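Worksheet: the structure to be examined is printed underneath.
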2 protein chains.
Amino acid sequence: MLSSRALLVRQGRACTRKEHRIPLHFSEFLPYQLGVAATKISRRFAALYRAEAGLTIPEWRGLTHLDHSGPASVCDITARVHLDKGIVSRAATRLEQGGIVSISDHETDRRAVVLYLTDKSRALMQRLRRIADASQAQLLQDLQDDASLLQQALKRIIKEPSA
Amino acid sequence: MLSSRALLVRQGRACTRKEHRIPLHFSEFLPYQLGVAATKISRRFAALYRAEAGLTIPEWRGLTHLDHSGPASVCDITARVHLDKGIVSRAATRLEQGGIVSISDHETDRRAVVLYLTDKSRALMQRLRRIADASQAQLLQDLQDDASLLQQALKRIIKEPSA
DNA sequence: GTACGTTTACTGCAAACGCAACGAATGAGA
DNA sequence: TCTCATTCGTTGCGTTTGCAGTAAACGTAC
């Protein structure tokens, strides 16, 4: 027993539209909006880093932290840039193999390691920082007045306890 | 040759802080904010659907579209809810095995299939809709005045051509 | 000094994802 | 009618992800 609506769909073209037109009920659902927007922006920036230096997003996040705050342990990076410790560990391995970071033992804690940028990578980060800043500026310009409030709301979500 | 900063990190505790305190430069970077916020909210809602009905997010997105717009093809769903066709296809298979949707042939296009809710799942969706609405209401309340502007900005990002 | 819980980093594994290739079906155009 | 490009859905494959488990080092309490 099918509704008349169902019959409409069953006839004519199988796929009604090609554009990614999002139905109303979805366009008002915040988790959906957030997910789609984040994926979109994330892809754009990931492509940038990959094209420029063959970096993944976790790699880039860790490097940025090192670049800005100086040498740090895996645990440090994990806590600061919202990444799983396994992901940071693997990223560190790849980056060391690529000569982007150096890893040495911690002075006083023999469990820990210390990651730090090489001279080679300091120049790389300078270039990447410029690119990231420019891309973000473009993004903010597209968003115009909404930008600052968007960031304010996102910060609130991030800081929110959890539940 | 290490900077004095490096020496500081190399001594004392390996992991300086335990809280997820995000360094300033990151907290201002939009793609980062967006990613972290989306992951956080997405996890929260995913846990909700899983606990309530054992549904994944792709499954839930597809079902919601079916629930709201009536029977649709895989391609339809793909276009409307921002999912890869492979993901939609697999979700459809799982949902059919679970008796949540029925799949039949398209009337006029023999390549296509038509997914539609079963009576059983219509009741399920009603319950899920209530839960999702309540959770979103809670979220919007937490965000207070920022909410509408957040949504406005996200919509702009989503609609934005691409570059 | 010894025992025990915690921290640090690494690794293994299952699940999910994105992409591309494929076969079947379609339909537009010669 | 006969191509041939396109569309629809499925499947396979490599990568990434998140989580749990492991071993070593640490440090606190006794």
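Every chain is numbered from 1, with letters handed out A, B, ... down the list of sequences. Computed from a prediction, not measured in an experiment: that's the story for all the values here.
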Nearest heavy-atom approach of A:A37 to B:L34 is O-CD2, 4.0 Å
Specify the closest pair of heavy atoms between B:V88 and B:T78, including all atoms of both residues, with the distance to one decimal. CG2-OG1, 3.6 Å
For the pair A:D119 and A:R122, evaluate salt bridge (charged side-chain N to carboxylate O under 4.0 Å, His left out) and give the outcome as yes or no after the intermediate values. CA-CA 5 Å; A:D119 290 341; A:R122 237 178 290 276; 3.7 Å; yes
Whole angstrom is fine here: how far is it from CG in B:L55 over to P in C:dA16? 12 Å
Of all the choices, C:dC17, D:dT10, C:dA9, which nucleotide is nearest to the side chain of B:V74 once you look at every atom? D:dT10
Parallel, tilted or perpendicular: rings of A:W60 and A:Y49 (30°, 60°): parallel
Report the distance from atom CG of A:D76 to atom C1' of C:dT7, rounded to the nearest whole Å. 13 Å
Kindly indicate, with the supporting measurements, whether the criterion side-chain contact (heavy atoms from CB on, under 4.5 Å) is fulfilled by A:D67 and A:L128. CA-CA 11 Å; A:D67 187 34; A:L128 283 180; over 6 Å; no
Heavy-atom closest pair, residues B:I77 and B:G62: CG2-CA, 4.0 Å
Flag the pair B:R90 and B:E59 as a salt bridge only when some basic side-chain nitrogen lies within less than 4.0 angstrom of an acidic carboxylate oxygen. no
Restricting to non-hydrogen atoms, name the atom on B:A92 and the atom on B:I103 that form the minimum distance, rounded to 0.1 Å. O-CD1, 4.0 Å
Roughly how many Å is it from CH2 in A:W60 to C1' in D:dT16, rounded to a whole number? 19 Å
Could you state the CZ-P distance from B:R94 to C:dA15, rounded to the nearest angstrom? 11 Å
Expressed in angstrom and rounded to an integer, what is the separation of A:R61 atom CZ from D:dT16 atom P? 15 Å
d(CZ, A:R50; C1', D:dT15) in whole Å: 12 Å
For B:E96 and D:dT10, give me the distance from atom CD to atom P, rounded to whole Å. 9 Å
Distance in angstrom units between B:D105 CG and D:dG9 P, rounded: 11 Å
Table of protein N/O atoms under 3.5 Å from nucleotides 18-25 of chain D N/O atoms:
from: D:dG18; atom 1: OP1; to: B:R43; atom 2: NH2; distance (Å): 2.9
from: D:dG18; atom 1: O6; to: A:R90; atom 2: NH2; distance (Å): 3.2
from: D:dG21; atom 1: O6; to: A:K85; atom 2: NZ; distance (Å): 3.1
from: D:dA25; atom 1: N3; to: A:R111; atom 2: NH1; distance (Å): 3.4

List the atom of B:E28, the atom of A:Q136, and the distance in Å for their closest heavy-atom pair. O-NE2, 3.0 Å
With a non-hydrogen cut-off below 4.0 angstrom, is A:V113 in contact with a base, only sugar-phosphate, or nothing? sugar-phosphate
Should stems be defined as at least three consecutive Watson-Crick or G-U pairs with both distances under 3.5 angstrom, which of them involve DNA chain D? C:1-30 with D:1-30
